[in-house]
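Remember, it's a predicted structure, so these values are computed and weren't measured experimentally. Below, chains carry the letters A, B, ... as their sequence lines are ordered, and counting in each starts from 1.
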Amino acid sequence: MSSSVSNSAPAHEMDRSQPAVVVEDLHRTFGALKAVDGVSFSIDHGRVVGFVGANGAGKTTTMRIMATLDSPGSGKVSMGGHNVVHHPAKVRRLLGWMPDSFGTYEHMTVLEYLDFYARALGFKGADRLRRIQEVMDFTDLTPLADRMSNKMSKGQTQRLCLGRALLHDPQILILDEPAAGLDPKARVELKNLIRILAQEGKTILISSHILSELGEMCDSLLFIDKGRIVHHGDAESMVRGTETAGETLVNVQIAGEPAKLIEWALTAPLIKIVEETKRGARLRIQAVDEDTLAGVLRRMIQDGLPVLDYHREERRLEDAFIDMLGQIDKNTFKAQPPEIRPQKNAEAAN
Amino acid sequence: MNAAPAIMDFPDRLSPMVVKELRQGLRTRLFGGVLLTLHMMLVLLTLMSGGAENAAVVSGWFDGIATLVLCIIMPLRGFSAVADELKSGTLDMLALTRLSAGRIIFGKWAAIASQSLLLMLSIMPYVVARFVFGGLDLFGEITALFYKWLIGVVIAAVIVALSTQRQFWLRAVVVFLPLMMGGCGAASFIMVSRMGGGMPPGTVFTVFTKSGGGSSTLLMGVGMAAWAIFFFLSLAATRIAPAASLLSVIKRSVNLVMLLSLLLLGWLTGSGADMSMMAAGVLSLLMMDALTERVNDVPSVYAAFYQRGWPGRVALWLLAPGWVTGLVYTALLVALVTVYVGWTRSVEEAKLVAVRAAGTWMIAALVQLFSTRKSRDLLPPFIIFWLFVNVVVATLGSLLLMPLAMRSNSAWFTCALPQLLPAGYAMAQPGDKAAFLDLGMLTACIWPAVLLIAAVFAWRHARGARQEGWRMIHGDQGGAAL
Ligand SMILES: Nc1ncnc2c1ncn2[C@@H]1O[C@H](COP(=O)(O)OP(=O)(O)OP(=O)(O)O)[C@@H](O)[C@H]1O
Ligand SMILES: [Mg+2]
């Protein structure tokens, strides 16, 4: 795997005085359904942003509009300074798109697949061969060159699809659930590729359901729910933002059936169940002082629960996400205005 | 780079789309299978043609097989050409390359056309062999084979255009209805000819073979075929192009030029009468195309016209994408053809042309009235209404006409429907004919009027986009009256 995939050719024209991506008051309806309902955000050059939301929240719809593949009902989207509706051709040149369904072709080898897209992107002769080789090295596809493109594992297909999206060395990448269905090893590999791309200064928008990984990879996260952006900021502020004061998260494991613990927690005061685990549960205790926390453990033992493990836990991104959705449903969530932050690293922009 | 030879199989000059389709297409079993079966049958036939007594039978079979392969099997390979890419999401990825919608569609078609050409060329040696064995008209046979290929690639263009429609059943109906009706016709023809005795079954397929005619016919045929291919491929390209595309400008300009040159040709060669019929046929296709584009609400599309001063503003009314300008455009064309037919043939026929055009407007009006507001795609409802009105109503209508014809009455009720009027007019009593046509014209006017009202609303709906387009060019001055 090579360490770089940037093309030696000059980058496509892009207005660097504006953020790489600007979405303003975007709406898109399908019949009566408001799939995207007033989405606004902007992404600076060279930043990696995670796009998070429940199924059907409107991620794919937003991303398709950004990629000029769907028309906005109203609102403005510009990529690299070009309006996606007025100048789709310009936007397409600086955009790499990886859809959630990676379309491969029948009767076509990996090499032929990449060759076709390289031709379609205007690469000629030896230049084309060189570029294909670079991309195959980067995505580790060289050993698979002669495999039929539609008869590969998910992880391999994924890499092929990423390779295709990188052929023309796009400055902005839109990846729709690139990690879906990958095994842990493939996911780590994908994460590494994305890290390298980020280091090369590409602007990347990734949608995913695997929050913990997004938290690691991304400079900031965009949360979307029912077609609206409900949070835009980094992972820590997200976790802090949804924290309710005066609560502690504890992880409890017991010997034997975890159902006993659940039963107990349902009737105990000050305690809510966050999630059941294999050998116990994660509980939310409405207290922060150590005496009360110790008191809860004492009560468990007094009530005959065979406790094996009882420890405090940090809140995770998933907890924050679920809390936030709950708070939105109860209308108690304070939406944070989408922030536009100064560029992370100046050298990446150059 | 050990991989290099494998992907240098096609030169850079070739369109990437063609390369892709050929790589995939030549690898499928279908192409190999067709090629092999075809050649086995042709070898047998050629060997059989040794005896002179069955030469006619052999030649019939030869034509039949060539027609089946070139005009039906090969074009049908385009049946899901674009639909498959639409469904698997790969069309999106194609759209994001530098390939334009036009080149994507053209590539799909060109791959079929070139494979078809390959097949046609591989048939040639058999023609020569039969010429050597049995002394047939070599030039005529080769021309006939060429015509089959030509018709085949036009059909392929139609089918590729159709494949931009996702729904399988709609495509199937449009393709197989004519095929079935043709098949029934052919079957009954065979029965009749069997009873009449002695005609080889292969003759059924030779409807357009052994066509005589000189080089001018050939030229005309090639010209018409080229235009038809352009027409269907550009129609298809519009359907997959982004909203900001200005394909309608190219499309409508070329189509207008085509129509004008037909009329001019008729005038120059003194065959205005024939040309006017051809022009009327071309006209109905053009109307289908122009009236099924959805109204465009992309400001930059209008800005492109406003940029060019008053000529641009005039052109906008005729060439801007969308069926509203399509209505203006078709009105111009209909007027043109009507006047021409009136001039070269007769006023009655001119009126009939106008009524037929009103029939197409009627379909478009029905689409506007009855298809859901949300649906952006106007072509499928147009095709459905067209099939419905033409097949069902015309069949019922002729059933109603039959008894009247026997009692030799004028069928006044046919004036109500443009599609029925020509039949009613044909069998009207001589004394009634003039009044008949006038009444028909009058009722036919309803449909363009309905369409016009719908157009006014649709045009107002896109007003914001036009104003924004104006502002992109001229700033805030003027533009209020758009
Ligand atoms: N072409 C379409 N026609 C009708 N409805 C659509 C269409 N595309 C999306 N929708 C609807 O719009 C809403 C948003 O869909 P979208 O695909 O953007 O969600 P998503 O956030 O990507 O979800 P997921 O995580 O499941 O991929 C959904 O309710 C979906 O049913
Ligand atoms: Mg999605």
Side-chain angles (χ1 to χ4, degrees), chain A residues 29-32 64 67-71 74 83-89 91-93 95-126 128-130 132-133 136 142 145-146 148 150 161 164-165 167-168 170, chain B residues 1-4 6-21 23-29 84-100 103-104 107 241-245 296-301 303-304 372-376 464-465 468-469 472:
Chain A
T29 51
F30 296 105
R64 281 180 56 82
T68 74
L69 295 171
D70 193 4
S71 326
S74 68
N83 187 303
V84 293
V85 177
H86 300 165
H87 306 291
V91 173
R92 288 170 178 191
R93 297 216 169 162
L95 183 82
W97 157 259
M98 198 169 145
D100 48 359
S101 65
F102 4 87
T104 49
Y105 286 117
E106 280 188 324
H107 307 295
M108 217 182 210
T109 65
V110 166
L111 186 64
E112 286 172 347
Y113 181 86
L114 290 174
D115 175 62
F116 162 60
Y117 279 101
R119 283 172 190 256
L121 288 162
F123 288 94
K124 297 230 183 307
R128 188 173 75 238
L129 288 183
R130 189 183 46 73
I132 293 172
Q133 197 59 54
M136 287 207 306
T142 314
D146 293 326
M148 280 296 158
N150 61 335
C161 210
R164 177 194 54 70
L167 273 171
H168 57 307
Chain B
M1 267 184 242
N2 53 353
I7 49 171
M8 287 312 232
D9 48 357
F10 291 96
D12 281 351
R13 260 171 293 121
L14 230 52
S15 153
M17 220 35 218
V18 175
V19 173
K20 163 185 172 283
E21 294 291 321
R23 272 187 188 146
Q24 288 182 285
L26 294 177
R27 212 172 254 156
T28 54
R29 285 205 200 93
D84 279 352
E85 304 247 9
L86 268 171
K87 278 187 197 139
S88 63
T90 42
L91 194 68
D92 285 348
M93 302 198 300
L94 292 182
L96 291 179
T97 64
R98 293 194 186 187
L99 296 176
S100 62
R103 283 178 72 194
I104 293 172
S245 102
N296 199 298
D297 50 11
V298 178
S300 60
V301 163
T372 52
R373 287 267 154 259
K374 276 161 269 164
S375 76
R376 297 167 158 221
E468 168 113 36
M472 286 167 76

Counting distance only, does the side-chain N/O of [X] pair as donor-acceptor with the main-chain N or O of [Y] below 3.5 Å?
X: A:Glu106; Y: B:Gln24; answer: no
X: B:Asp12; Y: A:Gly125; answer: yes
X: B:Arg27; Y: A:His107; answer: yes
X: A:Arg92; Y: B:Ala95; answer: yes

Taking every non-hydrogen pair under 4.5 Å, which of A:Leu95, A:Val85, A:Thr109 racks up the most with chain B?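 It is A:Val85.
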I'd like to know which of A:Thr29, A:Thr68, A:Leu121 tops the heavy-atom pair count under 4.5 Å against chain B.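 Answer, by heavy-atom pair count under 4.5 Å with chain B: A:Leu121.
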Quick one: are B:Ser300 and A:His87 in side-chain contact, heavy atoms under 4.5 Å?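 Counting from C-beta outward, B:Ser300 and A:His87 never come under 4.5 Å.
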B:Ala243 and A:Ser71: which non-hydrogen atoms are nearest, and at how many Å?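 Looks like CB-OG, 4.4 Å.
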Over all heavy atoms of both residues, which pair between B:Pro11 and A:Arg119 is shortest? Give the atoms and the distance, please.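 Answer, listing the atom of B:Pro11 first, then A:Arg119: O-NH1, 3.3 Å.
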To the nearest 0.5 Å, what is the distance between NZ (B:Lys20) and OH (A:Tyr105)?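 Between B:Lys20 NZ and A:Tyr105 OH, I get 4.0 Å after rounding to 0.5 Å.
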Can you tell me how far apart CE (B:Met93) and OG (A:Ser101) are? Round to the nearest 0.5 Å.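 Reported value, rounded in 0.5 Å steps: 7.5 Å.
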Under 4.5 Å from a heavy atom of chain B, the part of A:Tyr113 involved: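 Contact with chain B: side chain only.
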Give, as side chain, backbone, both or neither, the part of A:Leu69 having an atom under 4.5 angstrom from any heavy atom of chain B.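 Side chain of A:Leu69 only, per the 4.5 Å heavy-atom cut-off to chain B.
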Would B:Leu96 and A:Tyr117 count as a side-chain contact (heavy atoms from CB on, under 4.5 Å) if you check the C-alpha gap in whole Å, the side-chain angles of each, and the deciding distance to 0.1 Å? CA-CA 10 Å; B:Leu96 291 179; A:Tyr117 279 101; over 6 Å; no
Max heavy-atom pair count under 4.5 Å with chain A, selected residue of B:Asp297, B:Val301, B:Leu14, B:Leu94: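 Among B:Asp297, B:Val301, B:Leu14, B:Leu94, the one with the most close pairs to chain A is B:Leu94.
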Need one label for B:Met472: side chain, backbone, both or neither, based on atoms under 4.5 Å from any heavy atom in chain A.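 Only the side chain of B:Met472 comes within 4.5 Å of chain A.
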